[in-house]
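Here's the structure we're looking at; comments come further down.
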Amino acid sequence: MAESGSGGQGQGEKLQYFQDVTGVDDPLLAEQILDAHQWDLGAAVGTLMDKAGDGGPRADTGRGTSSDWDLPDETTGLLERGLVPTSVNPAHHGPSEVFGSQASRSNYDRYQGSPPSFEGPGEYHERRGDQGSSVPSGTAEAEAFLRKFEQEYGVVHPNFQRTSFMDALRLAGQQFKFLFVYLHSPEHANTPLFCERTLCSEPVVQFVNENFVAWGGDVRESEGFQMSNSLKASTYPFCAVVMGSNNQRIALLQQVEGPRTAEELMSTLQRVVEEQGSVLVASRVEEEERQLNRRLREEQDAAYQAALQADQERERLRREEAARQAREEAEAEQRKREEEEAARRAVQEAAEREAALEQRRLEKAMALGVEPEKGPDVTQVLVRMPNGERRERRFQNCTKVSAIYDYVDSLGTLEAVKYNLVTNFPRVVYGPEKRGQTLKDAGLHPHASLFVLVEDN
């Protein structure tokens, strides 16, 4: 029963609010229900909501028993006589009365009870997937929402995540932030003005980006519609602040329904951060402690492994040093033999190359024949060597271009194996395709100036 004094005054306010929300007219029954839940208003209202909509006995008959509510035995008669409403009608009471008023004041804020909780669409997706149904990608819907939102209202807006709701919630947990949820209903008349002047205002955008992870969804799409059902949204524009909780559920910390000015929305969000921020601080401290303990264990394991490896390394080095010395002695002996063999081969190859060049020079000189005297059918050829040296010789104009190559080879001053004869003006390369032409046909008569262009070996 309600107590007297200051405590009684607080319970009296809870009792009145509980009766207004649930429609339980009998104050005795209302007190018994609240006593059964230790005057936790959120838990008591949540139980009524669940019992009214879970398909159980109350939903079918409009009646209930004490076992349905876990109430003391003395309330059984009241329940059996039907003095509890058959259901909590969301259309009448509205989610704003259960989870927060139009002034954005949730029952969690007012009575310091446990915040309402719900399952996220990720669990819905998982259950649908088990049945083999095709579920649209939350990421694709988030990207489509953001693309349409920016087309309508520009790029200055909260940093909505391009992911599913559950991925955004996980990111918020990793960053130790609350998740700011915006459900977009383009068909509501208040939506454009709210987006332009409130949601996309610079102060709101900056505050949300600094203190929250933001996620938005279109209520016309699958995931946005699921979230509107989970949050029991009935009035738009709709915003909420949620966070992950235990038992794979999501805690609803605050919701804002209906049009709001930027100042009103900022005030609500600031109050959430100030009043509920300690939860995030505690989570961060716990995570830091876990990280510290893990690092300590890892450091201890690493120290043990390092000592073990050091002993093993010393033994390995001792064995390797002995093997290394033996190997180096064998390698030194092998290198000595290889160097001596390489020097012998180099001398032999150099002698063979020199003999080959000399033989080639003699053969080319003999093939040239006697140099003709000057005359109208005689071509005067000047050849410039790569070292700047100039050599001249006369050839019959019917002699082929290849004879000039024979002449250069016969000089014995060119060590290159591959080269071409080239004229400067105009630049013509007398390569293999021109060597069969006569000097006259090649345009080198009556005189020609050529230089040797050595190719890379």
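The structure presented is a predicted model; accordingly, all values stated were derived computationally and were not measured.
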Open item on the list: Donor-acceptor pair, distance only, cut-off 3.5 Å: does the side chain of Thr191 make one with the backbone of Glu187?
Closed with: no

Task: Side-chain ion pair, Glu339 and Arg335, N-O less than 4.0 Å - done: no

TODO: Determine the sole option in Arg393, His445, His447 for which the side-chain hydrogen bond (donor to acceptor under 3.5 Å, both in side chains) test with Thr379 is passed.
DONE: His445

Task: Distance-only polar pair, side chains of Asn420 and Glu455, donor-acceptor under 3.5 Å - done: yes

- [ ] State the CD-SG distance between Glu150 and Cys200, to the nearest 0.5 angstrom.
- [x] 9.5 Å

Task: Donor-acceptor side-chain pairing of Glu338 and Gln334 below 3.5 angstrom - done: yes

Open item on the list: Could you check whether Glu299 pairs with Arg295 (Lys NZ or Arg NE/NH1/NH2 to Asp/Glu carboxylate O, under 4.0 Å)?
Closed with: no

Task: N-O pairing of Glu287 and Arg290 below 4.0 Å - done: yes

Task: Lys/Arg-Asp/Glu bridge criterion (N-O < 4.0 Å) met for Arg316, Glu320 - done: yes

Task: CG on Asn190 to OG1 on Thr235, rounded to 0.5 Å - done: 9.5 Å

Open item on the list: For a salt bridge (Lys or Arg N to Asp or Glu O under 4.0 Å) check, start with the C-alpha distance between Arg391 and Glu389, then their side-chain angles and the critical distance, and finish with the verdict.
Closed with: CA-CA 7 Å; Arg391 292 297 183 94; Glu389 181 181 358; 2.6 Å; yes

Task: Distance, nearest 0.5 Å, that separates CG of Leu199 from OG of Ser201 - done: 8.0 Å

- [ ] Starting at CD of Gln300, measure out to CD of Gln305 and round the result to the nearest 0.5 Å.
- [x] 13.0 Å

Task: Minimal non-hydrogen separation, Val219 against Ser228, with atom names - done: CG1-CB, 4.2 Å

Open item on the list: The criterion is ring-ring contact (aromatic ring centres under 6.0 Å, His included); which residues satisfy it with Phe149, sequence neighbours excluded?
Closed with: Phe145, Tyr153, His157, Phe160, His184

TODO: Verify the distance criterion only: is there a donor paired with an acceptor across the side chains of Glu329 and Gln325 at less than 3.5 Å?
DONE: no

Task: Check ion pair Arg319-Glu315 (N to O, under 4.0 angstrom) - done: yes

Open item on the list: Just verifying a value: how many Å separate Tyr405 OH and Tyr430 OH, rounded to the nearest 0.5 Å?
Closed with: 10.0 Å

Task: Pair Arg271-Glu274, salt bridge (Lys or Arg N to Asp or Glu O under 4.0 Å): steps then yes or no - done: CA-CA 5 Å; Arg271 189 179 72 253; Glu274 292 171 358; over 6 Å; no

TODO: Report the C-alpha separation of Arg345 and Glu341 in whole Å, then their side-chain angles, then the decisive distance to 0.1 Å, and conclude whether the salt bridge (Lys or Arg N to Asp or Glu O under 4.0 Å) test is met.
DONE: CA-CA 6 Å; Arg345 285 198 305 268; Glu341 179 62 22; 3.5 Å; yes

Open item on the list: If I take atom CZ from residue Arg344 and atom CD from residue Glu349, how far apart are they, to the nearest 0.5 angstrom?
Closed with: 9.5 Å

